[in-house]
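In what follows, every heavy atom counts, from backbone to side chain, and hydrogens, waters and symmetry copies are set aside. The first residue in the sequence is number 1, and the count goes up from there.
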Amino acid sequence: KPFPKDIDNRFAELAENRKTEEPFNCFFIVPMKRIVNFWLNFNAGYGWPSFGTQLSAQDRLNLASTSVVEKLRLVKEYPIIVTGRIITQIWKLLLYLGFGLSIWLISKNKASRYKNLMVLTISFVVVRSYLAGYLNITEARYSVMQMPILELFVVLVLTEAISNWRANRA
């Protein structure tokens with residue numbers, strides 16, 4: 001059944017009023033909160049199978065507020081899904097650390113040939129992140145397109161840094 005048009009119009013009016021009454025909140029604070037959630041949501045599976053119908057909505061809510069011991073129960077009940085989720089989160093954490101390290105290495109080495117690539121990569125991530133936050137499209141599937149760019153950047157920079165380190169060491 002379609003949503004009643006008069007109610008939809010009233011919500012649109014409320015949204016417009018909020019934009020004029022609280023522009024800083026609407027155009028900066030709320031998108032920034034969404035961006036933080038977009039990048040730091042460690043519940044995102046990045047395509048790895050989820051629990052689907054095996055956990056009800058209430059089970060998920062209860063799990064969010066339970067102890068570590070209760071969360072470890074899931075490892076016993078769903079070892080493949082939980083292990084896959086842990087692997088994807090470790091990959092994500094290592095990618096973020098590698099990205100930060102790559103930026104630091106390029107900033108330290110003023111003659112780096114990847115300086116333009118760094119600016120391009122950071123610009124792409126910042127613009128896409130802001131648009132995702134502003135438009136409220138913050139599901140993990142929308143960040144998947146950025147991951148290969150981050151991976152490529154990290155691999156290029158760290159490969160060169162390691163080969164330079166090895167050459168200088170010899």
Kindly state each residue pair satisfying salt bridge (Lys or Arg N to Asp or Glu O under 4.0 Å) with at least one member in residues 120-138, sequence neighbours excluded. none
side-chain hydrogen bond (donor to acceptor under 3.5 Å, both in side chains) against N168, all qualifying residues, sequence neighbours excluded: none
Under the ring-ring contact (aromatic ring centres under 6.0 Å, His included) test, residues paired with F11 that sit two or more places apart: none
Scan for ring-ring contact (aromatic ring centres under 6.0 Å, His included) pairs involving residues 56-76, sequence neighbours excluded, and state none if there are none. none
Sorted by chain and number, sequence neighbours left out, salt bridge (charged side-chain N to carboxylate O under 4.0 Å, His left out) with E13 holds for none
According to side-chain hydrogen bond (donor to acceptor under 3.5 Å, both in side chains), who are the partners of R18, at least two apart in sequence or on a separate chain? none
Residue pairs passing the ring-ring contact (aromatic ring centres under 6.0 Å, His included) test where at least one lies in residues 101-121, sequence neighbours excluded: none
Kindly state each residue pair satisfying salt bridge (Lys or Arg N to Asp or Glu O under 4.0 Å) with at least one member in residues 155-170, sequence neighbours excluded. R113-E160
Sorted by chain and residue number, the salt bridge (charged side-chain N to carboxylate O under 4.0 Å, His left out) partners of K115 (sequence neighbours excluded) come out as none
Those residues that, when tested against F27, pass ring-ring contact (aromatic ring centres under 6.0 Å, His included) (two or more places apart): Y134
Applying salt bridge (charged side-chain N to carboxylate O under 4.0 Å, His left out), name anything that partners E151, two or more places apart in sequence or on another chain. none
Residue pairs passing the salt bridge (Lys or Arg N to Asp or Glu O under 4.0 Å) test where at least one lies in residues 19-32, sequence neighbours excluded: E16-K19
